[in-house]
Participant: 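Structure below; questions to follow.
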Amino acid sequence: MDDGYRNTNLYQGGRETNQVSDDYRYQDGNYEGYAPNDGYYRGGDEPTHEEDAQSDVTEGHDEDDEVYEGEYQGIPHPDDIKAKQKKRAPAMDDEYRDRADLMAERMEDEEQLAHQYENIIEECGHGRFQWTLFFVLGLALMADGVELFVVGFVLPSAEKDMCLSSSNKGMLGLIVYLGMMVGAVMLGGLADKLGRKKCLIISLAINAAFAFLSSFVQGYGFFLFCRLISGLGIGGSLPIVFAYFSEFLSREKRGEHLSWLCMFWMIGGIFASAMAWSIIPHYGWGFSMGTKYHFHSWRVFVLVCSLPCIASLVALKFMPESPRFLLEMGKHDEAWMILKQVHDTNMRAKGEPERVFTVSYIKTPKQVDEFIEIQSSTGTWYQRWLVRITTTFKQVWDNVLYCLTAQYRMNTLMLAVVWFTMALSYYGLIVWFPDMIRYLQEEAYESRVKVFDEEEVSHFTFNFTLENQIHRNGEYRNDKFIGMKFKEVRFEDSLFEECHFEDVTSSETFFENCTIISTVFYNTDLYEHKFINCRLINTTFMEEKEGCHLDFEEDNDFLIYLVSFLGSLSVLPGNIISALLMDKIGRIKMIGGSMLISAVCCFFLFFGNSESAMIGWQCLFCGASIAAWNALDVITVELYPTDKRATAFGILNGLCKFGAILGNSIFASFVGITKVVPILLASSALVGGGLLALRLPETRDQVLM
């Protein structure tokens, strides 16, 4: 069982010996051989150093002799150098030829291992072990789904606590995708070198720690940083989860059960919507420490949203490493023990504990990578770690380049286009739908505005809310505005004389071209920027309200949570259909059909002129597109070999998040301007990606390489 180790060590040891002898042979440019320095004469054609010196000094050279001008400086002749290079070249060619032969032998071993491993997984069966791992990894995927909704749900409340401008809110929404993009590429690549379980634990630990920390920080900058690193952690989990789970599944079960696993992303969206609905509106659920530190209900929501990640992190400690990965690393005994554990667990659950695991030897590929082992006495601790880190990242980078070699280049490029077009349209529309619904609400709200012209009010006390009103050319004398609120109120060309404003709050309220005489403003938030081209004569502002000076939109929280809840729930039929048909109709038809149907759904958005219509079309679009996402996850896992699988998935998922960033930015900029550009862009991207997906190779009957 250890032949793979012995052969590799013998090969590497032999090569190192040759290298040492070659270096020893060529370290002196003047001598081809090695003469022992023991004081004894060995004979030969070469004179001793004394004789050589005497000849050069006394005898000299005739005019016909060819004298090399560097001879007296001990510099070898160029002809000697060329001759020695010719002798060294065959040795280098042999080394490259040996490596090429080793690579060919490794590829042959991997093919044999793929078929043997498929038979072993079939012998282990599909049972309790896979279902346990299914729920553990499902929690990690659920945490990924939750992460995408957290920022959108907390923004209406967080913007008031942190005084966020529109640009700050936009950056906070995009920073999570940026972290996910980096995390997918980085941690996905590391999973092919350090192991699925280890990297998934690192990924979830980063997400849990910084998500937990973000619920307590008060400043915008630190909160932004925490959400960035939290996104980096959870972004790395997605490629690892699918690579990890696929390596415990047989060919007949792989497509179906990977599709069932995708349902946890939907469950994450439903969980986030339900928690936001039940926690955030209760603004009193929190505490304060002085006047600077506030822990409001939205922070409780952020804390609760880290629970799926923490639960998955704890449960993952009891799961084994992927045996397929261990076999690729040459760790035969560890892999065999895990496969026996899988077999015995499933057999006991089926009531057949007496069945014996019949596999005694598993083929392990030749090990090509040359790992640098550093002894504890070599250098300082940080130098040893630096070498290990740089070596590991070089291997990850080699894996990235391998995905673009001739064997995989075309598949990688086609998959990249399909992932990107899918992300651009899906994530762009997912942001566009709520913004359009909010825009339709604003239009309906503005249509109900009340206009008051040339009103004259004197000696009157306003102690109630004024909302959605425009007052033009009015005159207000000796009036009191006490303990009231202005909401979407505008005073134009009006006169205020000897009035008194006290304990007044306002949002989207402005005074334009007004004259204000002998008026007192006490404890109000009517700041200077709310008076546009106004004349202030003998007017006093006393004890203005502290805090943020920005106006915030009044969001319908219930509608936001409802739209997200229905959008997440609408993918349930698509998940079920894709899981049941994935292994029957194949991955390619699933991707192409789903994307083309989603493109057709986009055209119906031209008829979405009401809130209910937009919600309905959103649900239809999400339900139709989820099958393409599931099939993309499956085919990406199956197209690449084990030692490149998580790397390739990470690259493509990182590109997906880049498409999400572009989609969010582009689609949101057209809200309130036109619907034509977002709809045509989304539908054309889906059609192009769907047609290109039909050219991908079908992997339904393929063993996992």
Participant: Look at the side chain of Ser578 and the backbone N and O of Asn630, then say whether any donor-acceptor pair between them is shorter than 3.5 Å.
Facilitator: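 No, because the side chain of Ser578 does not come within donor-acceptor range (under 3.5 Å) of the backbone of Asn630.
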Participant: Counting neighbours of CD on Glu454 that are heavy atoms of other residues, nucleotides or ligands and sit closer than 6.0 Å, is the number greater than 12?
Facilitator: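 Check fails, neighbour count at 12 or below.
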Participant: Hey, is NZ on Lys480 packed in by over 12 heavy atoms from elsewhere, all under 6.0 Å?
Facilitator: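 Check fails, neighbour count at 12 or below.
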Participant: Verify, without hydrogens or angle tests, whether Ser312 (side chain) and Leu139 (backbone) share a donor-acceptor contact under 3.5 angstrom.
Facilitator: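 Not confirmed, Ser312 side chain does not pair with Leu139 backbone.
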Participant: Is the CZ atom of Phe606 crowded by more than 12 outside heavy atoms at less than 6.0 Å?
Facilitator: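 Counting other residues, nucleotides and ligands, CZ of Phe606 exceeds 12 neighbours.
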Participant: Verify whether one side chain among Asp453 and Asn473 offers a donor that lies under 3.5 Å from an acceptor in the other.
Facilitator: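 Their side chains do not contain a donor-acceptor pair, so the 3.5 Å distance test is not met.
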Participant: Taking the six-membered ring for Trp, are Phe452 and His471 parallel (under 30°), tilted (30 to 60°) or perpendicular (over 60°)?
Facilitator: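 Geometry flag for His471 against Phe452: parallel rings.
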Participant: Any side-chain to backbone donor/acceptor pair from Ser215 onto Phe212? Under 3.5 Å, distance only.
Facilitator: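 Yes; at least one donor-acceptor contact below 3.5 Å.
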Participant: Would a line drawn from the ring center of Phe649 to the ring center of Trp419 be shorter than 6.0 Å?
Facilitator: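 Between Trp419 and Phe649, which both carry aromatic rings, the centre distance is below 6.0 Å.
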Participant: Working to the nearest 0.5 angstrom, can you tell me the gap between Met484 CE and Thr524 OG1?
Facilitator: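 Spacing of CE (Met484) from OG1 (Thr524) equals 11.5 Å.
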Participant: Whether the Thr505 and Asp525 side chains hold a donor-acceptor pair (N or O, under 3.5 Å, no angle test) is what I'd like checked.
Facilitator: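 Absent: no donor and acceptor within the cut-off.
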Participant: Does a sphere of radius 6.0 Å around CD in Glu528 hold more than 12 heavy atoms from other residues, nucleotides or ligands, not counting ones at 6.0 Å or beyond?
Facilitator: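 Open.
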Participant: Is it true that, when you exclude Tyr220 itself, more than 12 heavy atoms of the residues, nucleotides or ligands shown sit nearer than 6.0 Å to its OH?
Facilitator: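 Yes - once you tally the heavy atoms of other residues, nucleotides and ligands closer than 6.0 Å, there are more than 12.
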Participant: Does the ring-ring contact (aromatic ring centres under 6.0 Å, His included) test come out yes or no for Phe531 and Phe521, once each step is laid out?
Facilitator: CA-CA 13 Å; Phe531 297 90; Phe521 294 86; 5.6 Å; yes
Participant: Donor-acceptor pair, distance only, cut-off 3.5 Å: does the side chain of Asn523 make one with the backbone of Glu544?
Facilitator: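 It does not hold such a pair.
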Participant: Under 3.5 Å, is there a donor-acceptor pair between the side chain of Ser494 and the main chain of Glu492?
Facilitator: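 Looks like yes, one N/O pair under 3.5 Å.
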Participant: Do any N or O atoms from the side chain of Arg472 and from the backbone of Arg490 form a donor-acceptor pair under 3.5 angstrom?
Facilitator: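 No; zero donor-acceptor contacts below 3.5 Å.
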Participant: So does Met422 get a backbone contact from the side chain of Ser425, meaning a donor-acceptor N/O pair under 3.5 Å?
Facilitator: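 Flag set: sc Ser425 to bb Met422 pair under 3.5 Å.
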Participant: Quick one: pull up CG in Leu632 and CE in Met595 and give me the separation to the nearest 0.5 Å.
Facilitator: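 Going from the CG atom of Leu632 to the CE atom of Met595 covers 7.0 Å.
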Participant: Would you compute the distance between atom CZ of Arg448 and atom CG of Asn468 and round it to the nearest 0.5 angstrom?
Facilitator: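 Answer for the CZ-CG pair, Arg448 versus Asn468, is 7.0 Å.
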Participant: With a 4.0 Å cut-off, would you call Glu147 and Arg227 a salt bridge?
Facilitator: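 Arg227 and Glu147: salt-bridged.
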Participant: In terms of relative ring orientation, are Phe462 and Tyr476 parallel, tilted or perpendicular, with 30° and 60° separating the classes?
Facilitator: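 Ring orientation, 0 to 90° scale: perpendicular.
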Participant: Measuring from atom CG of Leu495 to atom CD of Glu475, what distance do you get when rounded to the nearest 0.5 angstrom?
Facilitator: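 The distance works out to 5.5 Å.
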Participant: To check you understand the geometry: which heavy-atom pair defines the closest contact between Leu303 and Ser306, and what is its length?
Facilitator: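 For Leu303 and Ser306, the tightest heavy-atom pair comes out as O-OG, 2.6 Å.
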Participant: Which ring-ring contact (aromatic ring centres under 6.0 Å, His included) pairs, counting each pair once, include a residue from residues 662-681, with sequence neighbours left out?
Facilitator: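 Pairs touching residues 662-681 that pass the test: none.
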Participant: On the 0 to 90° scale, with breaks at 30° and 60°, tag the Phe225-Phe210 ring pair as parallel, tilted or perpendicular.
Facilitator: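 Rings of Phe225 and Phe210: perpendicular, as their planes differ by over 60°.
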Participant: Working to the nearest 0.5 Å, report the span between CH2 of Trp265 and CG of Asp633.
Facilitator: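 The distance works out to 11.0 Å.
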Participant: Do the side chain of Thr519 and the main chain of Ile517 share a donor and acceptor less than 3.5 angstrom apart?
Facilitator: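 Pair found, side chain donor or acceptor close to backbone of Ile517.
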